[in-house]
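The structure appears right after this line, and notes come after that.
First listed ligand is number 1; within each ligand, the first listed atom is number 1.
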Amino acid sequence: MPASQHPNADVRMRGFVEKVSVEAARNWLQGELERMGPVASEEAPLDEAAARVLAVDVVSEVNVPEFDRAMMDGFAVRASDTEGASPTSPVPLEILGDAFPGRAFQGEVTAGKCVRPTTGAPLPPGADAVLPVEQTRTDPEHMLAQQPIATGKNVGSIGEDIRASEVVLRAGRVLRPQDVGVLSSIGVGRVTVLRRPRVRIVVTGDELLPAGAKPQADCIVDANGPMLAALVRRDGGVPIFPGIVPDDREAILAALNDDAEVILVSGGTSVGQEDHVPNLLAEHGELAIHGVAMRPASPIGMGRLEGRLVFLLPGNPVACLCGYDVFAGVAIRAHGGRATTWPYRTVRATLSTKLKSPVGRFDYIRVLLTQGQVEPVPKSGASVLSSTTRADGFVVIPADCEGYEAGAEVELFLYD
Ligand code: AMP
Ligand code: MG
């Protein structure tokens, strides 16, 4: 269907002609994500690599360690020299000198001799075990072995940690702090990671004051801009949010023409006189979805504008959060090479009251979890954002389900 002919392109003061299912909207989005493909890669210095997505397999060029090393403070010996040693008949071995981490002993351990390494020191040639200091005594020239030791004991061998030519980390990995440590240990100072998707946040509304202002007169302070920026960061994107845009066609169009890969518009997506955005998108790009059978966030829209993916999120903050999580967040994570599953822990818990939902509608219900019992948050309209801060999480009722009876076990997505 040509974009400009979307039945909901201009719903101002008329209402939605039809609403598509969440599933249909997800399918459209899936197709778009396949069309866009993943973001390109870039190099990042190691100290900025944690939590980024690795773009290539990393193969080690080196062994870690590159030398056999002492794993304890003690004496590097030939294990066979300690045979039969005991506290009552200790074996004396001549101490040739010391070995320290980064400072090897210059010489060889031969029969009847030993070297005193500290942990991490290179094992001197000829030695094949380290007798812990606790199992020894000393006189001025000798170490007196009090126990025998087996070959290889307390020796870290070459490549014990990482072997040369081993794949250390695979492409697609979200780098953990310890991954960064391993990369450093194999001599990697820069890593090839996926670029973070750039996400332009277009917050519309003549009634909005910027973050930091106090609510006054007929105005409210923008909740969605800061919330969306935090969500985008959580999902590995770079939020671009230069400020609030008035409910003015030219101003909104200029904001939509950002070079970001994803555009999030907050507000102005519904059926009010000032809700210009769907119409603008249909005129200048494609309004593929407008109106989804879900609550909250039913006036949500999706489309594209010159290759950019555009989400029209309702201004009501709970709807904005829900619409973001159900669609936009999934898209940003997928585009950035991350998991498309929700970044919320789930638990199973018992409903203390019935939850109803008409067939055909997807519901996102903010709930409290008290001693394993789940109940909806009181005062939970789409405009009451504090319902989501008071809530422990949310329960989803899929479109094909009429809800759950009291006593049913449900899956709860925890906000924390
Ligand atoms: P709209 O989607 O623009 O029709 O807005 C729906 C409701 O959400 C109205 O009550 C707006 O004042 C409110 N709203 C819109 N944008 C925001 C925002 N950024 N932060 C808080 N509330 C908003
Ligand atoms: Mg508005």
Side-chain angles (χ1 to χ4, degrees), residues 6 8-16 19 25 199-234 239-256 258 260 262-282 287 289-303 310-329 364 366 379-391:
H6 192 290
N8 294 340
D10 193 352
V11 291
R12 286 173 298 172
M13 306 317 277
R14 291 197 287 131
F16 288 92
K19 287 182 187 160
V199 182
R200 169 68 200 258
I201 297 170
V202 182
V203 171
T204 70
D206 289 339
E207 75 282 32
L208 298 177
L209 299 170
K214 289 272 183 309
Q216 54 175 315
D218 298 334
C219 293
I220 59 169
V221 182
D222 170 30
N224 294 347
M227 177 173 72
L228 288 171
L231 287 163
V232 167
R233 268 189 215 102
R234 178 196 73 182
I240 301 154
F241 178 36
I244 293 162
V245 177
D247 287 314
D248 168 82
R249 288 177 64 88
E250 292 310 312
I252 295 169
L253 189 58
L256 291 179
D258 192 278
V262 179
I263 314 275
L264 304 179
V265 184
S266 150
T269 73
S270 190
V271 299
Q273 293 181 61
E274 295 289 347
D275 292 342
H276 306 296
V277 194
N279 187 247
L280 266 176
L281 186 59
L287 177 70
I289 308 278
H290 190 208
V292 175
M294 64 193 294
R295 189 161 88 174
S298 72
I300 194 167
M302 283 169 243
V310 184
F311 293 90
L312 312 184
L313 301 170
N316 268 319
V318 181
C320 182
L321 172 64
C322 170
Y324 175 90
D325 260 349
V326 175
F327 298 110
Y364 168 98
R366 282 76 68 209
K379 268 214 11 244
S380 62
S383 60
V384 182
L385 186 56
S386 67
S387 66
T388 64
T389 57
R390 283 181 283 117

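Given atom 10 (O) of ligand 1, the protein heavy atom at minimum distance is Asn316 OD1, 4.3 Å. Protein heavy atom in closest approach to atom 4 (O) of ligand 1: Asp275 OD1, 3.9 Å. Atom 18 (C) of ligand 1 has as its closest protein heavy atom Asn224 ND2, 3.4 Å.
Here Leu208 has side-chain heavy atoms under 4.0 Å from ligand 1, and that is the only part of it that gets that close.
Note that the CG atom of Leu312 and the CD1 atom of Ile263 stand 10.5 Å from one another [nearest 0.5 Å]. Atom CZ of Arg200 is separated from atom CG of Leu256 by 8.5 Å, given to the nearest 0.5 angstrom. Rounded to the nearest 0.5 angstrom, Leu313 CG and Asn224 CG are separated by 8.0 Å. Taken from CZ in Phe16 to OG in Ser298, the straight-line distance is 6.0 Å, to the nearest 0.5 Å.
The contact set between ligand 1 and Glu207, taken as ligand atoms under 4.0 Å from a residue heavy atom, comprises 11 (C), 12 (O), 15 (C). Near Asp222, meaning under 4.0 Å from one of its heavy atoms, ligand 1 places the atoms 18 (C), 19 (N), 20 (N). Less than 4.0 angstrom separates some heavy atom of Ile220 from each of these atoms of ligand 1: 12 (O), 21 (C), 22 (N), 23 (C). Of all the atoms in ligand 1, the ones that sit under 4.0 Å from a non-hydrogen atom of Gly268 are 1 (P), 2 (O), 3 (O). Near Val203, with a cut-off below 4.0 Å to any heavy atom, the atoms of ligand 1 are 19 (N).
Scanning both residues, Ser387 and Val384, for their nearest heavy atoms gives OG-O, 2.6 Å. When all heavy atoms are compared, the tightest approach of Ile252 to Pro246 is CG1-O, 3.7 Å.
In this comparison of Ala223, Gly315, Pro299, the heavy atom closest to atom 20 (N) of ligand 1 sits on Ala223.
In terms of polar-atom proximity, Gly267 is not counted as a contact of ligand 1, lacking any N or O under 3.5 Å from an N or O of the ligand. By the 3.5 Å distance cut-off applied to N or O atoms, Ser270 is not counted among the residues near ligand 1.
Remark: the backbone N or O of Val318 is not paired with any side-chain donor or acceptor of Asn316 at under 3.5 angstrom. In this structure, the side chain of Thr204 engages the main chain of Ser266 through a donor-acceptor pair within 3.5 Å.
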